[in-house]
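Taking it in order: structure first as structure tokens, then the write-up.
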Amino acid sequence: MLVAAALVAAMAGAGVSAAALLMREGRWGRHARQFGTADPGRVEHGRGFGRRGEPGSAGESGQSGSPGTPHTPGASSSSGGSGGPGGTAGPSGDATPTVTRSRAATAPTVPSGYRLARDQRGFSLAVPDDFTREPQGERVFYMSPGQVVRIGVKVDDPEEGGPTGVMRRAHAKGPSTNPGYRDGRVTETTHDGRPAALWEFTWDGFSAAEGSRHTYDLCWERDGRLYDVWVSAPVGRVSEAKEYFDVAVDTFVRN
């Protein structure tokens, strides 16, 4: 009887030890599988740099450099990959948007009383509602009723000296191109962060009946093109002309 009891106790003790060993193996087995196939740090790091690219790589044309970057209204998105329009498929099949940011593709805010003129020569700008388009050779004008106030645009190849050189040469020729040329000055400035030049002057105007006129003219370069936007109006409407000029320049974009 004593022998039988001892045998039963020994078997029970062995069973408990075996069970403890099985439980311990199972717990470490799960951790081993986790670190072997699903290390959260390594997978997240690889996904972040493998799919989104290096931080700051997004520019004029490139992928978004950080998660959660909002899509710029009016910005053009290039299509690509199998993940859907405007994206490149990642390892898991979902799409990472490829956004090209450019002011040319950004719809400007148009003030009340103005309309956005989308010109066939590759640009848009806001002009007063009642202004009409009048192309004249290499220039395009938007004119008020009676053609009294004129908004002009010219797009050309860059010239020596950049915008400042262009405006200074125009200023030097002012007396020969604009009868009664006076109060002319050229000021170096910037437009959208790029070098620009502002030319301002007064002249006798188209007729004695209309009287003298004042002109605001801004010139800048972008992507290998020279842009020139100006407004001309009778001196009695110079404040009105300055407003038209500011709106035209602030809303000017390339199509």
Side-chain angles (χ1 to χ4, degrees), residues 103 106-119 121 123-156 162-222 226-254:
R103 190 178 179 191
T106 303
T109 300
V110 178
S112 176
Y114 290 76
R115 63 182 176 85
L116 186 63
R118 301 183 185 275
D119 200 275
R121 297 195 183 183
F123 62 84
S124 298
L125 78 169
V127 300
D129 287 332
D130 57 353
F131 277 41
T132 56
R133 184 178 187 271
E134 183 70 34
Q136 294 183 8
E138 59 188 1
R139 298 171 174 82
V140 176
F141 288 93
Y142 286 87
M143 301 188 183
S144 67
Q147 301 185 350
V148 177
V149 181
R150 303 181 174 206
I151 300 173
V153 180
K154 180 183 177 183
V155 183
D156 207 346
T164 301
V166 170
M167 293 289 94
R168 284 177 176 167
R169 286 191 291 272
H171 169 54
K173 296 177 181 177
S176 61
T177 57
N178 298 278
Y181 180 84
R182 58 195 179 273
D183 301 330
R185 63 178 179 268
V186 174
T187 305
E188 293 186 3
T189 182
T190 61
H191 179 66
D192 282 348
R194 294 171 172 82
L198 174 65
W199 178 30
E200 189 176 347
F201 63 93
T202 302
W203 63 296
D204 286 347
F206 298 111
S207 67
E210 183 184 71
S212 299
R213 299 177 66 87
H214 194 79
T215 298
Y216 298 95
D217 189 342
L218 185 71
C219 180
W220 72 94
E221 284 185 21
R222 182 177 181 131
L226 186 71
Y227 294 89
D228 195 357
V229 176
W230 68 94
V231 173
S232 173
V235 292
R237 299 176 66 174
V238 69
S239 296
E240 180 184 346
K242 184 60 164 60
E243 177 189 315
Y244 296 157
F245 175 73
D246 289 341
V247 170
V249 169
D250 290 344
T251 59
F252 186 94
V253 294
R254 298 168 300 155

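Just so it is clear, the structure is predicted and the values come from calculations on it, not from any experiment.
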Looking at [X] and [Y], what are the two nearest heavy atoms and their distance?
X	Y	answer
His171	Gly184	CE1-O, 3.4 Å
Ala126	Pro111	CB-CD, 4.5 Å
Ile151	Val231	CG1-CG2, 3.9 Å
Ala172	Pro175	O-CD, 3.7 Å

Qualifying ring pair (Phe, Tyr, Trp, His ring centres under 6.0 Å) pairs, either residue in residues 232-251, two or more places apart: Phe131-Tyr244, Tyr216-Phe245
Is there a side-chain contact between [X] and [Y] (heavy atoms, below 4.5 Å)?
X	Y	value
Thr164	Arg168	yes
Leu116	Leu125	no
Val127	Arg115	yes
Trp220	Val229	yes
Arg222	Arg194	yes

Kindly list each side-chain donor-acceptor pair under 3.5 angstrom involving residues 133-144, sequence neighbours excluded, with atom names and distances?
{"residue": "Arg133", "atom": "NE", "partner": "Asp119", "partner atom": "OD2", "Å": "2.6"}
{"residue": "Arg133", "atom": "NH2", "partner": "Asp119", "partner atom": "OD1", "Å": "3.2"}
{"residue": "Glu138", "atom": "OE2", "partner": "Lys154", "partner atom": "NZ", "Å": "3.1"}
{"residue": "Tyr142", "atom": "OH", "partner": "Asp119", "partner atom": "OD2", "Å": "2.5"}
{"residue": "Ser144", "atom": "OG", "partner": "Val148", "partner atom": "N", "Å": "3.3"}
{"residue": "Ser144", "atom": "OG", "partner": "Val149", "partner atom": "N", "Å": "2.9"}

Rounded distance [0.5 Å steps], [atom1] in [X] versus [atom2] in [Y]:
X	Y	atom1	atom2	result
Cys219	Tyr227	SG	OH	11.5 Å
Trp230	Arg150	CH2	CZ	10.5 Å
Asp246	Leu218	CG	CG	10.0 Å

If you draw a 6.0 Å radius around CZ in Arg118, do more than 12 non-hydrogen atoms from other residues or ligands fall strictly inside?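 No, CZ of Arg118 has 12 or fewer neighbouring heavy atoms, counting only those of other groups under 6.0 Å.
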Any side-chain hydrogen bond (donor to acceptor under 3.5 Å, both in side chains) involving residues 199-210? Give me the pairs, sequence neighbours left out, ordered by first then second residue. Tyr181-Trp199, Arg182-Asp204, Arg185-Glu200, Glu200-His214, Thr202-His214, Glu210-Arg213
Step-by-step side chain to side chain contact (heavy atoms under 4.5 Å, CB included) determination, Met167 to Thr187: CA-CA 9 Å; Met167 293 289 94; Thr187 305; over 6 Å; no
